[in-house]
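In what follows, a single structure is set out as structure tokens and then discussed.
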Amino acid sequence: MDRRARPADSGNTLTTRDPAVDAPITTVPRGGASEIDAAVDAARGAFEGEWGALDHTERADRLLAWAAELRDHADELARLESLDTGKPEAFAAAEIDEGIGYIEYYAYLLHGDTDDRVPVGEDTHAYNRAEPYGVAGLVVPWNYPVLLTSWRLGPVLAAGNAVVLKPAESTPLTTTRLAQLAAGILPDGALNVVHGLGDEAGAALTSHPGVDKLSFTGEDSTGELVMGAAAENITPVTLELGGKSPFVVFPDADVEAAAATAAEGIFYNVGQSCDALSRTLVHEDIHAEFLDHFLDAAAEWSVGDPLDEGTTVGPLSSEQQYEKVRDYVEIGRDGGADLVQGGAGLDGPGWFHEPTIFDGVDNDSRLAQEEVFGPVAAVIEFGDYAEAIALANDVDYGLAAAVATTDLSLAHRAAADIKAGTVWVNDYARFAPGLAFGGYKRSGIGRECGAEALDEYRQTKTVAINLN
Ligand code: NAD
């Protein structure tokens, strides 16, 4: 692929750009309400037709065949993902491998799926049947296109729903390929992708009366709009929203290892992760030692061309994201925090930014409370356990958290006291298909991943048969 090809833009298309060189890659159709209508109709047709008629085993077989096809094209998907998002190609490859694993997991889960028999008396045979909703509408963001899409498509399709998916407008490439590679494996209409802007195709999908279940992943402010639109039709909605995750480093922690975790937690994917460890809460006794190690660990994250093997920090995903990060660096400086590492954008082309650390951050400041979605760490000191937990929880979000300690009792206690959907101990981003993921507070409603995500996309029918 010529990275500098410059296709023409028009009112009916959207141009996707390579953020590493700030140049167009290609265009995709710009769908709106009528394309969403057509996609919902196609999904309904598949649900009431061939796709809906498949039993558990047949659906599992189709999903495994699709996953195998995706594995055969994993290198191509990784290259597309890297070009479209700017993430280092090796990271993209790992995320794609992981994403396909989620689709396989839900296929295997179907084999062990049973309807529950409920004992209500010898003269009654009663059970709960898990049934798909019908047509599921999915809206996803641009930060992990394949991984986040697989997290949703695995359980949604395994549950038996047909899908209309709206990817983020800035990262359409891999989602298009996922759907193309399903052709001939999933029946026509089972998986539909409509590209378009959020307030056009996105709004049309989330307000569509023909959609039976919605799953939205994105900013909490957009989540409010989606929930409002869903309320009009009483459509159940799963929301995966933003985060401002704390990393609590207790005084007994392995400080050097904790610093490495802190760096990974904020610099992986240039900080464009919903679960990024963007607030580093450090005990005052180890603060100076921790900071030394954190600066060293940050220096190991190497900014460069995403297609170069040694690169671990690519560009921010778009100019808009770059400008947002620049604004927050100013907000940090103006708020009186100490800039101790980085802080600068790099000369273009491309939207590169230095890994950045602010020390002495006030937890009430905008830098500590708002989602930057960039490589900007905020270090905050605490004096004792109660203060650490109060600071960790003193934020509107509750998606994830991490703690560093060598004391197992303290680890369990902190994990119970922190209000977040996931707590990692001496680790960051430990994901696996069997582990649920989702938010407390403004970080969302419902859970993705894990066995429970299958039930997020199906409803229970109770059947009671009088045996007399
Ligand atoms: P965004 O809310 O701007 O957009 C997300 C998606 O929603 C895009 O596809 C967009 O086109 C669409 N959209 C925008 N307006 C819409 C509307 N009115 N109706 C329907 N759809 C609309 O978010 P973003 O900037 O693309 O993504 C970053 C955000 O996503 C961050 O807040 C991040 O924390 C969050 N996120 C959360 C998770 C999670 O699992 N909790 C995972 C990844 C990202």
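Everything quoted here is computed from the prediction, not taken from an experiment. Both counts, for ligands and for their atoms, begin at 1 and track the order of listing.
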Is it true that Thr149 and Tyr144 share a donor-acceptor pair across their side chains at a distance under 3.5 Å? no
Within ligand 1, which atoms have a heavy atom of Phe437 less than 4.0 Å away? 40 (O)
Residue, atom name and distance, where the atom is the protein heavy atom closest to atom 40 (O) of ligand 1: Glu240 CB, 3.4 Å
Atom 38 (C) of ligand 1: of Pro141, Gly228, Cys274, the nearest heavy atom sits on Cys274
Atom 34 (O) of ligand 1: closest protein heavy atom, distance to 0.1 Å, is Glu371 OE2, 2.5 Å
A student checking ligand 1 against Pro167 at a 4.0 Å heavy-atom cut-off should list atoms 9 (O)
Return a yes/no value for Trp142: is any of its N or O atoms, backbone included, closer than 3.5 angstrom to an N or O of ligand 1? yes
Which ligand 1 atoms, with their elements, are less than 4.0 angstrom from a heavy-atom of Lys166? 9 (O), 10 (C), 11 (O)
Output, in order, the C-alpha distance, side-chain angles, deciding distance and verdict of side-chain hydrogen bond (donor to acceptor under 3.5 Å, both in side chains) for His208 and Asp37. CA-CA 8 Å; His208 202 293; Asp37 281 344; 2.8 Å; yes
Val140 heavy atoms, cut-off 4.0 Å: which ligand 1 atoms fall inside? 6 (C), 8 (C), 9 (O)
Heavy-atom distance to atom 17 (C) of ligand 1: which of Gly198, Pro145, Ser245 wins? Gly198
Looking at Asp41, I want to see if its CG is surrounded by more than 12 non-hydrogen atoms of other residues, nucleotides or ligands under 6.0 Å. yes
For ligand 1, does Glu448 get within less than 4.0 Å through its side chain, its backbone, both, or neither, judged by non-hydrogen atoms? neither
For Val139, the ligand 1 atoms with a heavy-atom partner under 4.0 Å come out as 6 (C), 7 (O), 9 (O), 12 (C), 21 (N)
With a 4.0 Å heavy-atom cut-off (strictly under), which part of Glu169 contacts ligand 1: side chain, backbone, both or neither? side chain
For atom 20 (C) of ligand 1, what is the nearest protein heavy atom, given as residue, atom name and distance? Gly202 C, 3.2 Å
I need the atoms of ligand 1 closer than 4.0 Å to a non-hydrogen atom of Asn143, numbered in the order shown. 43 (C), 44 (C)
Does ligand 1 have a heavy atom under 4.0 Å from the side chain of Leu148, from its backbone, from both, or from neither? side chain
Among protein heavy atoms, which sits nearest to atom 23 (O) of ligand 1, and what does the distance come to when rounded to 0.1 Å? Glu219 N, 3.4 Å
Nearest non-hydrogen protein atom to atom 3 (O) of ligand 1, with distance, is Thr222 OG1, 4.0 Å
Going by the closest heavy atom to atom 41 (N) of ligand 1, which one wins out of Leu239, Leu241, Thr217, Asn269? Leu241
4.0 Å heavy-atom contact, Gly439 with ligand 1: no
Please determine if Lys441 and Asp396 form a salt bridge, counting it only when a charged side-chain N lies under 4.0 Å from a carboxylate O. no
In terms of atom number and element, which parts of ligand 1 are under 4.0 angstrom from non-hydrogen atoms of Leu225? 18 (N)
Of the options Glu448, Glu240, Arg152, which is the one that meets Thr217 in a side-chain hydrogen bond (donor to acceptor under 3.5 Å, both in side chains)? Arg152
What's the shortest distance from atom 28 (C) of ligand 1 to any protein heavy atom, and which residue and atom give it? Phe373 CE2, 3.6 Å
Check the pair Thr176, His195 against side-chain hydrogen bond (donor to acceptor under 3.5 Å, both in side chains), reporting the backbone distance first and the verdict last. CA-CA 9 Å; Thr176 306; His195 295 297; 2.8 Å; yes
heavy-atom search around atom 35 (C) of ligand 1 in the protein gives Gly218 O, 3.3 Å
What do the steps show when you test Thr206 against Lys166 for side-chain hydrogen bond (donor to acceptor under 3.5 Å, both in side chains), and what is the final call? CA-CA 10 Å; Thr206 53; Lys166 206 229 46 92; over 6 Å; no
Does Tyr144 come within less than 4.0 angstrom of ligand 1, counting non-hydrogen atoms of the residue? no
Within 6.0 Å of CZ in Arg177, more than 12 heavy atoms from elsewhere: yes
Tell me, with the steps shown, if Tyr328 and Glu370 meet side-chain hydrogen bond (donor to acceptor under 3.5 Å, both in side chains). CA-CA 9 Å; Tyr328 273 101; Glu370 297 174 13; 2.4 Å; yes
Salt-bridge present (Arg71, Asp97; N to O < 4.0 Å): yes
With Arg30, the side-chain hydrogen bond (donor to acceptor under 3.5 Å, both in side chains) member among Glu35, Glu200, Glu169: Glu200
Need the ligand 1 atom indices (1-based, order shown) with element for anything under 4.0 Å from a heavy-atom of Leu399. 41 (N)
